[in-house]
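The first residue of the sequence shown is numbered 1, and numbering continues consecutively from there. As the structure lists them, so they are numbered: ligands from 1, and atoms in each ligand from 1.
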Amino acid sequence: MIRAAFPGSFDPPTFGHIDIIERSRSIFDELVVVIAENKQKHYLFSAEERRVMMIEMVKDWKNVSVMVCDTLIVELLKRQNIKIMVRGVRNVMDFSYESELSMMNKALSPDIETIFMMTRPEYLVLRSSSVRELAAFNGDLSALTPPLVAAELRKKFMNLPAAAQ
Ligand code: ADP
């Protein structure tokens, strides 16, 4: 029984994240999506809002669960006895950042392995910050994030009802 975790801000979740979740859940027996809540960081969506959106997106996948973490991610993994952390990689910049992070995590928790998963070409330039920016300008989000997330973004920026999507 191999359990893995996929941590991130998911502010908001995108198709890039969903793709990594879908591919990871077919490799591992169980996948825990960990919503990071860092008090030093400013998010558009609260941890609870991000959790609710993520739960809705993974609701049909029985081996995927969602948790919020406001401590070090490796501490949560240790508590949950999870030894694999999945990270998505889009480009060399991601790789450079992620490899440093994984080495720091390795020093903190030698038992935990970080596994990098390459993005799909169609999600190469997809990141939550671009989605937030596009939403602020009322751009078309349909290729970037599911309708549920697009509706929540629209509510944040335009104060429009979800039905206006
Ligand atoms: P973002 O970088 O979009 O703000 P997060 O910080 O929430 O996203 O990222 C959580 C994890 O998902 C990280 O490992 C990140 O590299 C990965 N990720 C984000 N967007 C993509 C994407 N388009 N394709 C693959 N992995 C991604």
Side-chain angles (χ1 to χ4, degrees), residues 3-28 30-58 61 64-77 80 82-106 108-109 112-137 139-150 152-153 156-157:
R3 299 174 75 215
F6 178 43
S9 300
F10 308 114
D11 186 34
T14 69
F15 283 137
H17 297 135
I18 299 174
D19 177 58
I20 298 287
I21 295 170
E22 188 169 21
R23 286 153 65 201
S24 304
R25 85 171 197 101
S26 66
I27 297 173
F28 304 107
E30 262 186 43
L31 184 74
V32 180
V33 179
V34 180
I35 313 249
E37 172 69 339
N38 178 347
K39 296 279 180 254
Q40 316 298 320
K41 259 176 104 171
H42 174 75
Y43 300 96
L44 177 63
F45 290 98
S46 70
E48 181 56 16
E49 288 171 325
R50 287 177 280 142
R51 190 179 76 90
V52 168
M53 284 188 280
M54 188 59 87
I55 285 177
E56 183 59 29
M57 284 166 26
V58 302
W61 294 333
V64 180
S65 57
V66 182
M67 264 179 208
V68 171
C69 175
D70 63 1
T71 62
L72 273 177
I73 302 290
V74 287
E75 294 300 330
L76 176 96
L77 266 60
Q80 296 285 326
I82 296 175
K83 299 212 162 54
I84 295 176
M85 185 182 325
V86 178
R87 297 290 287 171
V89 175
R90 286 161 289 206
N91 48 41
V92 286
M93 266 148 65
D94 269 1
F95 179 75
S96 148
Y97 170 75
E98 293 289 344
S99 56
E100 280 185 23
L101 190 65
S102 77
M103 283 173 215
M104 210 164 71
N105 284 333
K106 195 77 183 158
L108 291 170
S109 308
I112 297 176
E113 293 296 343
T114 302
I115 308 273
F116 297 136
M117 188 173 282
M118 276 311 296
T119 187
R120 283 186 195 281
E122 56 267 45
Y123 302 137
L124 202 58
V125 295
L126 175 51
R127 57 187 67 246
S128 296
S129 57
S130 324
V131 172
R132 293 194 299 271
E133 208 162 310
L134 191 60
F137 289 103
D140 179 8
L141 301 172
S142 56
L144 313 181
T145 195
L148 160 104
V149 174
E152 291 304 318
L153 280 161
K156 281 267 181 221
F157 286 110

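- Here the side chain of Ser24 pairs a donor or acceptor atom with the backbone of Ile20 at under 3.5 angstrom.
- Within the 3.5 Å criterion, the main-chain N or O of Val92 finds no donor-acceptor partner in the side chain of Tyr97.
- Counting only heavy atoms of the protein, atom 14 (O) of ligand 1 lies nearest to Gly88 N, 3.0 Å.
- Atom-to-atom distance recorded for Glu152:CD and Met53:CE is 6.0 Å, nearest 0.5 angstrom.
- Close contacts between ligand 1 and Phe10 involve ligand atoms 7 (O) [criterion: under 4.0 Å to a heavy atom].
- Near Pro7, the atoms of ligand 1 lying under 4.0 angstrom from a non-hydrogen atom of the residue are 10 (C), 11 (C).
- Arg90 places no side-chain N or O within donor-acceptor distance of the main-chain N or O of Val125, the cut-off being under 3.5 Å.
- Here the CG-OG1 distance, from Leu144 to Thr14, works out to 8.0 Å after rounding to the nearest 0.5 Å.
- If you look at Met117 next to ligand 1, there are no close heavy atoms at all, none under 4.0 Å.
- At least one N or O atom of Ser9 sits closer than 3.5 Å to an N or O atom of ligand 1.
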inquiry  = Quick one, Lys106 with Thr114, criterion side chain to side chain donor-acceptor pair (under 3.5 Å). Give me CA distance, side-chain angles, the key distance, then yes/no.
reply    = CA-CA 8 Å; Lys106 195 77 183 158; Thr114 302; over 6 Å; no
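- Interface atoms of ligand 1 facing His17, defined by a heavy-atom separation under 4.0 Å, are 3 (O), 5 (P), 7 (O), 8 (O), 9 (O), 10 (C), 12 (O), 18 (N), 19 (C), 20 (N).
- Of the protein's non-hydrogen atoms, the one nearest atom 24 (N) of ligand 1 is Thr119 OG1, 2.8 Å.
- For Ile20, the heavy-atom gap to ligand 1 drops under 4.0 angstrom.
- From Asp70, atom CG reaches atom CD of Glu75 across 12.0 Å, with rounding to the nearest 0.5 Å.
- No more than 12 heavy-atom neighbours from other residues, nucleotides or ligands sit within 6.0 angstrom of CZ on Phe95.
- Shortest contact from atom 3 (O) of ligand 1 to any protein heavy atom: Ser128 N, 2.8 Å.
- Considering backbone and side-chain N/O atoms, Asp11 never comes within less than 3.5 Å of an N/O atom of ligand 1.
- The distance criterion of under 3.5 Å between nitrogen or oxygen atoms is not met by Ser129 with respect to ligand 1.
- In this structure, the side chains of Phe6 and Val34 stay at 4.5 Å or more apart for every pair of heavy atoms.
- The atoms of ligand 1 that sit less than 4.0 Å from any heavy atom of Gly8 are 7 (O), 10 (C).
- Around atom 20 (N) of ligand 1, the closest heavy atom drawn from Arg127, Arg90, Arg120, Met93 belongs to Arg90.
- Residue contacts with ligand 1 for Phe6 involve side-chain atoms from C-beta outward but no N, CA, C or O (heavy atoms, distance under 4.0 Å).
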